[in-house]
Amino acid sequence: MSRSLSMRSSMSMRSRRDLPPPQQTIEKLENMVAEGNYYEAQQMYKSTGARYIAAQKYLEALDILQSGALVQLKHGQVTCGGELAIMFVDTLVKAALPYNEETFDRIRKMYDAFPRISVPHFLGDDYDDDGQKLSEAISAAKVRSESCSSFLRAAIRVEILCLFNCYSLMPLWFAKVRVDCRWMQDMTKVSSHFVRGNDPKKFASMLANFMGKCYPGEDDTAIARGVLMYLSQGNLRDANLLMDELKDQLKSADLEIPKTDLIQFIKYLLPTLERDAYPLFRTLRQKYKTSTDRDPVFEELLDEIAAKFYGIRSQSALEGLFGDMFRV
């Protein structure tokens, strides 16, 4: 037993001595990334970091992992950078190092390094080319959002462990909310472009092309958003055209519009707005509130629809109107 422990201790000491200086490793891997060898560098960042952690050289491991996260993110390698950023946080927790302002500065620096990917809000005459660019931008924005959110969820654990040192949870919570909302905000802007363009056929093509690719589990939200945006402009014709055109395009691709409560709400809403039936409109909103609450934009759009079609403004809309008047 004593001999076994001695051998293990000897191996651990030898492992520590075999590790190169961290700065040497950092410079070598930064050069690999600069040359475009992202995958190879990623594997070395992870394996080298793991070796330092196994040798309980946590400070050196943190330096390597942070450097890797920053350099990969700088070169647009969001998934790689996110993985290393999460390893950094996991190492902090494992090492049980004292947490201070410097710790949070390092976490914030990695968060700030995640690239801000903007989705183009204008499509030119070359729809196929621009549509492809839009699809790629949306996919990249979604990857960025998911990777950054995973990192922040891990970082929040560090904040929780630091409560007794009086470091606030709020900054990272707010950052997480901003990341989670960014994807939704970008898609709202894209939908707004199509609505202003008065071309529901192109809008339907965009939605049909992206369904199941960029909206996993959120296809109905994207469709409902487009319909409600048309209706909020008082444009019942194009709202109906969007649904009809989308149905035809999906049918030709052996697909169909999702059968969800939110889509059912839209199907009931469209004929309701063709007649003077505000009580039915109000009943529909109440019955399907759980579905429409999935996107905070929907509530505002439905308030605007009530004003456009029935001349009825909600209390919150009136308060906003009077607030604007008093600020003038």
Engineer: Check whether any side-chain heavy atom of Lys308 lies under 4.5 Å from a side-chain heavy atom of Ser232, and answer yes or no.
Structural biologist: no
Engineer: Is there a path of hydrophobic side-chain contacts, each under 4.5 Å between heavy atoms, that joins Tyr39 and Ile86?
Structural biologist: no
Engineer: Considering only distance and modelled atom types, tabulate donor-acceptor pairs under 3.5 Å from the side chains of residues 233-241, sequence neighbours left out.
Structural biologist:
residue : atom : partner : partner atom : Å
Asn235  : OD1  : Asp238  : N            : 3.0
Asn235  : ND2  : Asp238  : OD2          : 2.9
Asn240  : ND2  : Leu236  : O            : 3.1

Engineer: According to salt bridge (Lys or Arg N to Asp or Glu O under 4.0 Å), who are the partners of Lys251, at least two apart in sequence or on a separate chain?
Structural biologist: none
Engineer: Partners of Tyr45 by ring pair (Phe, Tyr, Trp, His ring centres under 6.0 Å), sequence neighbours excluded?
Structural biologist: none
Engineer: Hey, are Glu299 and Arg285 close enough for a salt bridge, meaning a charged N less than 4.0 Å from a carboxylate O?
Structural biologist: yes
Engineer: Do the side chains of Lys109 and Leu70 get nearer than 4.5 Å, heavy atoms only?
Structural biologist: yes
Engineer: Sequence neighbours left out, what pairs pass ring pair (Phe, Tyr, Trp, His ring centres under 6.0 Å) with at least one residue falling in residues 59-86?
Structural biologist: none
Engineer: Taking only residues at least two apart or on different chains, which pairs with a member in residues 59-80 satisfy salt bridge (charged side-chain N to carboxylate O under 4.0 Å, His left out)?
Structural biologist: Asp63-Arg106
Engineer: Applying the 4.5 Å side-chain criterion to the ILVMFWY set and letting contacts propagate, would Leu84 and Leu59 be lumped into a single cluster?
Structural biologist: yes
Engineer: Does Ala50 have any side-chain contact (heavy atoms from CB on, under 4.5 Å) partners at least two apart in sequence or in another chain, and if so, which?
Structural biologist: none
Engineer: With a 4.5 Å limit on heavy-atom distance, are the side chains of Glu245 and Pro200 in contact?
Structural biologist: no
Engineer: Would you list the pairs meeting salt bridge (charged side-chain N to carboxylate O under 4.0 Å, His left out) in which at least one residue belongs to residues 77-86, sequence neighbours left out?
Structural biologist: Lys46-Glu83
Engineer: Under a 4.5 Å cut-off applied to non-hydrogen side-chain atoms, are Ile305 and Tyr310 in contact?
Structural biologist: no
Engineer: Is the shortest heavy-atom distance from the side chain of Arg313 to the side chain of Glu304 under 4.5 Å?
Structural biologist: yes
Engineer: Run the side-chain donor-acceptor check on residues 272-283: report pairs under 3.5 Å with partners two or more places apart or on a different chain.
Structural biologist:
residue : atom : partner : partner atom : Å
Thr272  : OG1  : Tyr268  : O            : 2.7
Thr283  : OG1  : Pro279  : O            : 2.9

Engineer: Test of understanding: with side-chain contact (heavy atoms from CB on, under 4.5 Å), list the residues that count as partners of Asp261, not counting sequence neighbours.
Structural biologist: Tyr288, Ser291
Engineer: Any side-chain donor-acceptor pair under 3.5 Å between Thr260 and Asp220?
Structural biologist: yes
Engineer: What closest approach, in Å, do Leu228 and Phe298 show between heavy atoms, and which atom pair accounts for it?
Structural biologist: CD1-CD2, 3.7 Å
Engineer: Less than 4.5 Å apart, side chain to side chain, heavy atoms only: is that true for Ile223 and Ile266?
Structural biologist: no
Engineer: Can you list everything that forms a salt bridge (Lys or Arg N to Asp or Glu O under 4.0 Å) with Asp105? Sequence neighbours excluded, please.
Structural biologist: Arg108
Engineer: Indicate the atoms forming the closest heavy-atom contact of Phe151 with Val89, along with that distance.
Structural biologist: CE1-CG2, 3.7 Å
Engineer: Under the rule for side-chain contact (heavy atoms from CB on, under 4.5 Å), what residues qualify as partners of Glu40, not counting sequence neighbours?
Structural biologist: Met32, Asn37
Engineer: Got a sec, which residues hit side-chain contact (heavy atoms from CB on, under 4.5 Å) with Gln24, two or more places apart in sequence or on another chain?
Structural biologist: Pro20, Pro21
